[in-house]
Amino acid sequence: MSTNTAVAPLTTQDADLLVATAHRAAEAAGVTVSVTVLDAGGHLLAFRRDDRAVLVSGETSTRKAYTALQLDAPTADLVEAVQPGGLFHTLPTALDRPLLFIAGGVPIHRDGRLIGAIGVGGGAPEQDHQFANAAIEGLV
């Protein structure tokens with residue numbers, strides 16, 4: 001007998017809430033950011049770049065979300081793994097879409113299952129990571 005149960009996917013409303021919460025956290029810290037939310041298949045659900053944020057922050061937030069999704073781990077936890085001698089030293093260039101191992105990408109789970117990822121770019125990596133986590137905590 002199978003015990004698999006359906007898990008609600010990440011919706012566009014969820015994604016909009018994640019983006020808004022991350023932006024509020026960044027604004028409260030005086031930081032301008034870009035935020036990307038991907039579903040479990042890596043499809044873009046929501047994106048917002050503050051007009052004052054540097055243009056590259058949009059690509060940065062997307063790559064952080066993609067990395068967190070592909071490896072099902074916060075990007076902050078993976079930084080050492082890509083250093084010479086690390087577990088994933090050659091991984092960033094082995095895939096079609098480059099991964100980004102800088103804090104700010106966090107996978108999103110519901111009932112223990114991966115349903116998507118959020119990436120924040122524009123602040124210091126540690127700040128981006130805090131903004132992403134704040135957004136996930138706000139998701140009920």
Side-chain angles (χ1 to χ4, degrees):
M1 182 165 102
S2 176
T3 59
N4 290 338
T5 57
V7 174
L10 196 60
T11 66
T12 54
Q13 288 107 345
D14 292 335
D16 289 342
L17 176 63
L18 288 161
V19 168
T21 304
H23 264 273
R24 277 194 302 275
E27 286 173 0
V31 179
T32 57
V33 296
S34 293
V35 181
T36 301
V37 177
L38 304 175
D39 68 11
H43 304 104
L44 182 65
L45 281 182
F47 173 80
R48 179 176 170 196
R49 184 182 66 81
D50 187 299
D51 289 340
R52 297 166 293 158
V54 294
L55 288 176
V56 74
S57 69
E59 176 64 19
T60 301
S61 67
T62 301
R63 287 177 56 196
K64 287 178 181 182
Y66 181 76
T67 302
L69 181 68
Q70 292 301 305
L71 299 176
D72 192 9
T75 54
D77 296 348
L78 301 169
V79 174
E80 289 183 20
V82 294
Q83 301 301 318
L87 294 174
F88 302 134
H89 178 58
T90 60
L91 188 59
T93 57
L95 301 173
D96 292 336
R97 185 173 190 175
L99 302 180
L100 188 59
F101 293 89
I102 300 173
V106 182
I108 303 167
H109 295 91
R110 182 174 285 148
D111 296 329
R113 294 195 184 155
L114 182 64
I115 60 168
I118 183 171
V120 179
E126 297 78 20
Q127 289 176 307
D128 292 345
H129 193 73
Q130 290 172 351
F131 304 148
N133 279 325
I136 292 171
E137 289 171 9
L139 186 64
V140 177

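Count residues from 1 along the sequence. Here the structure is a predicted model, which is why all the values come from computation and not from measurement.
Taking the side chain as every heavy atom from C-beta outward, Ser34 and Arg48 never approach each other to under 4.5 Å. Counting heavy atoms from C-beta on, the side chains of Thr36 and Tyr66 never come closer than 4.5 Å.
The two residues Val35 and Ala22 have their closest heavy-atom pair at CG2-CB, 3.8 Å. Contact between Val19 and Ala46 at its shortest, heavy atoms only, is CG2-CB, 3.7 Å. Residues Ile118 and Ala135 share a closest heavy-atom pair of CD1-CB, 3.7 Å. When all heavy atoms of Asp72 and Pro107 are compared, the closest pair comes out as OD1-CB, 3.6 Å. Scanning all heavy atoms of the two residues, the minimum distance from Ala26 to Val33 falls at CB-CG2, 3.6 Å.
Between His23 atom NE2 and Thr32 atom OG1 the span is 9.0 Å, to the nearest 0.5 Å. Distance check, rounded to the nearest 0.5 Å: CG of Leu18 to CD of Gln13 gives 12.0 Å. Atoms NE2 and CG, on His109 and Leu139 in that order, are 13.0 Å from each other to the nearest 0.5 Å. Distance OG1/Thr21 to CG/Asn133: 12.5 Å, rounded to 0.5 Å. Atom CD of residue Gln70 and atom OG1 of residue Thr67 lie 8.0 Å apart, to the nearest 0.5 angstrom.
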- prompt: Given Leu45 and Leu10, is the side chain to side chain contact (heavy atoms under 4.5 Å, CB included) satisfied, shown in steps?
  reply: CA-CA 9 Å; Leu45 281 182; Leu10 196 60; 3.9 Å; yes

- request: Go through Val37 and Phe47 one step at a time and tell me if the side chain to side chain contact (heavy atoms under 4.5 Å, CB included) criterion holds.
  value: CA-CA 6 Å; Val37 177; Phe47 173 80; over 6 Å; no

- request: Determine, step by step, whether Leu114 and Ile108 satisfy the side chain to side chain contact (heavy atoms under 4.5 Å, CB included) criterion, reporting the C-alpha distance in whole Å, the side-chain angles of both residues, the deciding distance to 0.1 Å, and the verdict.
  value: CA-CA 6 Å; Leu114 182 64; Ile108 303 167; 5.8 Å; no

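We find that Arg110 and Asp14 are joined by a salt bridge, their nearest charged nitrogen and carboxylate oxygen being less than 4.0 Å apart.
Although no hydrogens or angles enter the test, the distance criterion places a donor-acceptor pair under 3.5 Å between the side chain of Lys64 and the main chain of Ala103. Proximity of a side-chain donor or acceptor of Thr75 to a complementary backbone N or O of Ala68 within less than 3.5 Å is not detected. Remark: the backbone N or O of Pro125 is not paired with any side-chain donor or acceptor of Asp128 at under 3.5 angstrom. Panel note: side chain Ser61, backbone Val120; no donor-acceptor pair is recorded below 3.5 Å. Between the side chain of Gln127 and the main chain of Ala124, a donor-acceptor pair closer than 3.5 Å is present.
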